[in-house]
There are 2 protein chains.
Amino acid sequence: MGHTDTKTRILDAAEKLFARQGFDATSLRMLTREAEVNLASVNYHFGSKEELIKAVIARRILPLNAIRIERLQKIKNIARAEDCPPDIREILLAFLEPTFAFRKSARGAQDFISLIGRAFSDPRDTVRKVFMKMVEPVFQPLFELLCEALPSLPRNVVYLRLNFMLGAMAHSMNISQMCQLIPDGLSFKVDSNTLVEQFVVFVENGMEAPYE
Amino acid sequence: MGHTDTKTRILDAAEKLFARQGFDATSLRMLTREAEVNLASVNYHFGSKEELIKAVIARRILPLNAIRIERLQKIKNIARAEDCPPDIREILLAFLEPTFAFRKSARGAQDFISLIGRAFSDPRDTVRKVFMKMVEPVFQPLFELLCEALPSLPRNVVYLRLNFMLGAMAHSMNISQMCQLIPDGLSFKVDSNTLVEQFVVFVENGMEAPYE
DNA sequence: GTTCGATTTAAACAACTGTTTTAAATGTGT
DNA sequence: ACACATTTAAAACAGTTGTTTAAATCGAAC
């Protein structure tokens, strides 16, 4: 292999194109041209386009989830030790910060994050199911911790609010590079830091809203 | 024409299939088979598949926006007359209620709503641009009203929070019929009414959060 | 009843899709 | 240096895509 591993070249190109054009709109021919590899190598290394999609998602999300789970577990342990409900903001940050940190780290990271936002609402069962399966192990402790932090709320309300957050998050991931709804010709340059800060503030207050 | 207009039969079938399978995954052959019309009739009546997509969106969103704009205008007039900032919850309801009301009205309405949620994050420039253009006339007064209702917040913060809301909304539209992240095998039956109520509570509190 | 435009039909179009095949090239361990 | 498995390469595969064509059918006005 002259430069980079063929497998990772494919993954990188796929990540980029899938994120910017979508899964269906990206043909294996564009993809292999972008990666400068042979057309057949996708099927050779990954078996099929669909398996490639899974691989693209798995490569990034698994280590990311490991970090999130670890942080959530730490919060849970402290709450158990001190025998007091965990802090909401800490829970949110445990989930959000790794995402945004990762987003700024690797080169293709930004592409991947917006890809995640898309997979979240993908119409194809296969893609969404795979994605869901990967997210579940972090969703579950996140949900349980939130329930502990918000003991006055029914579980199904916490569940709804958690989904609101995930939706807002998925959308926010695309804001920066997305064709936006620009009010009055005034386009706001979205700074990544203020985005995170404001997101946490918004969600925290939404989460803590009294149950009417 | 024996039963319904060919054009609307195509629109109905397209609305249904686009929402459930996505734009790309729905071929014109499935579509025309579902609509029980001839394959060529799509190109005859709409020119192309892409124009059909636009038509599907426009048919529902234009009247919906008219209602929302009217309600927003009414709020604005009252606020002007009484010389006091408008109420946030009223603003939110002016935007949300027509959506959910419509969702329960027509038969294909539910499909359309989830289709909207998808168009909102569609990777293709064409689809998203068209959708954005249709949403803009309601986004603008909504944004301005929110700024008036939240005078202590910088405009770009209001802008961000509004986007959070739209993201949460787009996602929530798919919750009911979506393959969900089911925590602990406990699947919550999502009641449409509590969904709306909780959504308003969540967003209202998020919007009103103090600017840190 | 005939004529004319609008609509529908079936068939064919070229382009592209993901995948497979076959052969050559490359690298690895002995 | 040889033999062997892995990887790359080019070409062809069968199937599907959106779109177009050209003939058939329909519906109303005259």
Side-chain angles (χ1 to χ4, degrees), chain A residues 1-59 115 118-119 122-130, chain B residues 1-57 59 115 118-119 122-127 129-130:
Chain A
M1 37 223 78
H3 11 336
T4 337
D5 193 31
T6 300
K7 234 166 151 178
T8 66
R9 310 192 67 193
I10 294 177
L11 285 174
D12 289 338
E15 181 172 70
K16 177 177 170 185
L17 296 184
F18 285 162
R20 303 188 183 182
Q21 315 181 355
F23 297 117
D24 296 285
T26 302
S27 73
L28 292 184
R29 286 171 175 78
M30 307 181 207
L31 203 156
T32 51
R33 205 179 310 132
E34 166 87 19
E36 298 183 71
V37 300
N38 187 267
L39 169 60
S41 55
V42 170
N43 289 281
Y44 174 76
H45 283 285
F46 297 93
S48 68
K49 183 180 182 181
E50 201 148 295
E51 289 300 318
L52 172 61
I53 296 179
K54 295 183 189 177
V56 169
I57 298 179
R59 173 173 70 146
L115 187 146
R118 179 125 357 95
D122 195 282
R124 320 147 125 217
D125 270 7
T126 58
V127 173
R128 207 179 50 243
K129 287 252 179 71
V130 167
Chain B
M1 39 226 80
H3 10 336
T4 336
D5 192 32
T6 299
K7 236 167 150 176
T8 66
R9 310 191 66 192
I10 294 177
L11 285 174
D12 288 340
E15 182 171 69
K16 177 176 169 183
L17 295 184
F18 285 162
R20 302 187 183 184
Q21 314 182 356
F23 297 118
D24 296 286
T26 303
S27 73
L28 292 185
R29 286 171 173 79
M30 307 181 206
L31 203 156
T32 50
R33 205 179 312 132
E34 166 86 21
E36 297 184 70
V37 300
N38 188 269
L39 169 62
S41 54
V42 170
N43 289 279
Y44 176 76
H45 283 286
F46 297 93
S48 68
K49 183 181 181 180
E50 200 147 297
E51 288 300 317
L52 172 62
I53 295 178
K54 296 183 188 176
V56 168
I57 298 178
R59 174 172 70 146
L115 188 145
R118 180 125 352 99
D122 196 279
R124 319 149 124 213
D125 271 7
T126 57
V127 172
K129 287 251 179 71
V130 166

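Computed from a predicted structure; not experimentally measured. Numbered from 1 within each chain, the chains take letters A, B, ... in sequence-line order.
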Separation of A:E36 atom CD from D:dT7 atom C1', in whole Å? 18 Å

Whole angstroms only, please: what is the NZ-C1' distance between A:K7 and D:dT8? 15 Å

Round to a whole Å and report the spacing from CG of A:N38 to P of D:dT8. 9 Å

Where do N or O atoms of nucleotides 15-18 of chain C meet protein N or O atoms at under 3.5 Å, pair by pair?
from: C:dT17; atom 1: OP1; to: A:S27; atom 2: OG; distance (Å): 3.2
from: C:dG18; atom 1: OP1; to: A:K49; atom 2: NZ; distance (Å): 2.7
from: C:dG18; atom 1: OP2; to: A:L28; atom 2: N; distance (Å): 2.9
from: C:dG18; atom 1: N7; to: A:R29; atom 2: NH1; distance (Å): 2.9
from: C:dG18; atom 1: O6; to: A:R29; atom 2: NH2; distance (Å): 2.9

Please state how far atom CG in B:L52 lies from atom P in D:dT17, giving the value in whole angstrom units. 15 Å

Which nucleotide in the list D:dA9, C:dT8, D:dT6 gets nearest to the side chain of A:Y44? D:dT6

Quick one: is C:dA6 close enough that its OP1 or OP2 comes under 4.0 Å of any side-chain N or O from B:H45? no

How far apart are the C-alpha atoms of A:D24 and A:K49, what are their side-chain angles, what is the distance that settles it, and do they pass the salt bridge (Lys or Arg N to Asp or Glu O under 4.0 Å) test? CA-CA 10 Å; A:D24 296 285; A:K49 183 180 182 181; 5.6 Å; no

Looking at A:R118 and A:A19, would you say the former's side chain and the latter's main chain have a donor-acceptor pair under 3.5 Å? yes

Let me know the distance between CD1 of B:I10 and P of C:dT9, rounded to the nearest Å. 10 Å

Find the distance B:F46:CZ to D:dG18:C1' and express it as a whole number of Å. 16 Å

Using Watson-Crick and G-U wobble pairs with both distances under 3.5 Å, what is the 5'-to-3' dot-bracket string of DNA chain C, with [ ] for crossing pairs and | for pairs outside the strand? |||||||||||||||||||||||||||||.

Atom CZ of B:R124 to atom C1' of D:dG18: distance rounded to whole Å? 12 Å

Taking only side-chain nitrogens and oxygens of A:S41, does any of them come within less than 4.0 Å of OP1 or OP2 of D:dA9? no

